Amino acid sequence: MNRTDRTDRSDRSTGTTRRTRHTGAPPNRRPRAGRRALRREVPGTVGVLVDPQDFAAMRTYRTFPFDDHTTYLREVEGMLKGFEAEGLHTSLALFDPAEFGAFCAEHRLDPDSADARTRFTAEIAASGATVPYTGQPLDRLLPLLVSRVVRRATWEYATVLLADLGACADCGQDIGGAAFDRASHLLLRLLEAAGAGTHHIVCSIRSTDDRLLAVLHTRQDGGRPPVLSPAEGTELATVLAVGVALEAPGGVVLRTSTPDAPDRVHGWRLDRGSLLPLTAGEVFSAYCTDAGTGEPVGPEPGVDYRAGFDIGAEEPRPHH
């Protein structure tokens, strides 16, 4: 939607940026070269309208300059390529018209202005739910952006759930904090027991209002520590902690890939703060069922469905 960065001057009509042209006395080339070099070190963010419904909502504003979603996305991609050609680091953020309207109302901004769109883009960039542009086709990058935004929203919701639990009335222990510690321990033991390979871990918890889902990708070589994203690790541990704290139904599925061997799938169910291994039949049933509809789906060829294994996590201490 807009790029936000600090450069010589902002073009408020479009939300993009441009350099100031010098007139009169000959320019001092060294400061200009320094500013160009500095500009390449300033990151920017482009807020993008991913789906046609959001695009249609923005078309109600007179200053929004596009009439067709396909053309809009093509122009966004061209702009991103231009930034990359200049050596500028750019990230994409999801531009939500409803959140934009609420932001403008809160800050008393005119929503029908490029300035408001630029300020909102800067706001959503600060949340961290962005993906970097490194020359990928936009049709491959946008699903990654949507997934990142959903993961971020899930983590925030789970964090609020844990915080709202407060302290135990009997012992004074912070329930959410204790549950997160337990979930982190379970995740660490699972990663250690998984061994070498590329691992894809999915945690699903059914809370009182919704189903929470978190995904973690990790790689482990021999006896070295696993390589993983700290953000993904925190998100999965937080979702698992909700299940621990609320004693909600849920489980974990681990898919492991190693060279020259079929993928292996293992599963566990969460029970009173412990991950109990599923049988091979239960793993097959869980993995071959559509999570949204409950309908069976065909097994993947070349996948070995196995029972869960003991992850070596001691039993949790009694808690309230």
Side-chain angles (χ1 to χ4, degrees), residues 45 47 50-51 54 91-107 119-131 143-188 190 201-217 228-253 268-275 291-292 316-320:
T45 302
V50 172
D51 61 63
D54 288 345
S91 296
L92 264 65
L94 184 68
F95 196 102
D96 186 301
E99 293 182 3
F100 170 64
F103 174 82
C104 290
E106 179 183 355
H107 295 277
R119 289 183 59 178
F120 177 67
T121 301
E123 181 76 11
I124 57 179
S127 73
T130 61
V131 294
L144 295 178
L145 173 60
V146 172
S147 175
R148 181 71 187 93
V149 171
V150 170
R151 281 173 41 206
R152 179 80 180 193
T154 299
W155 171 76
E156 291 176 347
Y157 176 67
T159 300
V160 170
L161 281 180
L162 293 175
D164 287 347
L165 294 175
C168 174
D170 293 330
C171 67
Q173 184 182 43
D174 178 61
I175 298 174
F180 184 82
D181 290 343
R182 177 62 183 173
S184 299
H185 174 69
L186 292 174
L187 177 57
L188 178 62
L190 177 60
I201 304 173
V202 179
C203 176
S204 176
I205 300 295
R206 191 167 294 280
S207 69
T208 53
D209 299 321
D210 202 356
R211 187 172 72 97
L212 304 181
L213 194 70
V215 179
L216 171 64
H217 301 86
L228 70 154
S229 161
E232 287 188 357
T234 300
E235 289 162 3
L236 192 141
T238 303
V239 168
L240 183 58
V242 170
V244 171
L246 301 181
E247 297 190 350
V252 173
V253 172
W268 297 260
R269 64 182 175 88
L270 183 63
D271 182 60
R272 291 176 295 181
S274 294
L275 288 176
R317 290 176 296 179
H319 67 280
H320 300 282

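Values below: every heavy atom of this structure, side chains too, minus hydrogens, waters and symmetry copies. All of these numbers come straight from a predicted model, not from anything done at the bench.
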Between Ser204 and Arg211, a side-chain donor and acceptor under 3.5 Å: yes
Heavy-atom side-chain proximity of Val252 to Leu270 below 4.5 angstrom: no
4.5 Å side-chain heavy-atom contact, Leu228 and Leu216: yes
Worked verdict on Leu94 versus Ile124 for side-chain contact (heavy atoms from CB on, under 4.5 Å): CA-CA 8 Å; Leu94 184 68; Ile124 57 179; 6.0 Å; no
Close side-chain approach of Leu240 and Leu186, heavy atoms under 4.5 Å: yes
Criterion side-chain contact (heavy atoms from CB on, under 4.5 Å) on Trp268 and Leu190, from CA distance to verdict: CA-CA 10 Å; Trp268 297 260; Leu190 177 60; 3.5 Å; yes
Derivation and outcome, side-chain contact (heavy atoms from CB on, under 4.5 Å), residues Phe95 and Asp54: CA-CA 8 Å; Phe95 196 102; Asp54 288 345; over 6 Å; no
Where Ser184 and Ala237 come nearest, the two heavy atoms and their spacing: OG-CB, 3.9 Å
Approximate separation, where rounding is to 0.5 Å, of His185 NE2 and Leu275 CG: 10.0 Å
Distance, nearest 0.5 Å, that separates CD1 of Ile201 from CG of Leu187: 6.0 Å
Leu212 side chain near Val242 side chain, heavy-atom distance below 4.5 Å: yes
Sub-4.5 Å side-chain heavy-atom contact between Phe100 and Asp96: no
salt_bridge(Arg151, Glu156) N-O dist < 4.0 Å: no
Donor-acceptor contact below 3.5 Å, side chain Glu232 vs main chain His217: yes
Close side-chain approach of Thr234 and Trp155, heavy atoms under 4.5 Å: yes
Sub-4.5 Å side-chain heavy-atom contact between Leu92 and Thr45: no
Arg182 side chain near Ser274 side chain, heavy-atom distance below 4.5 Å: yes
Distance-minimising heavy-atom pair for Gly251 and Ile205: N-CD1, 4.4 Å
Glu123 and Arg119: CA distance, side-chain angles, deciding distance, side-chain contact (heavy atoms from CB on, under 4.5 Å) verdict: CA-CA 6 Å; Glu123 181 76 11; Arg119 289 183 59 178; over 6 Å; no
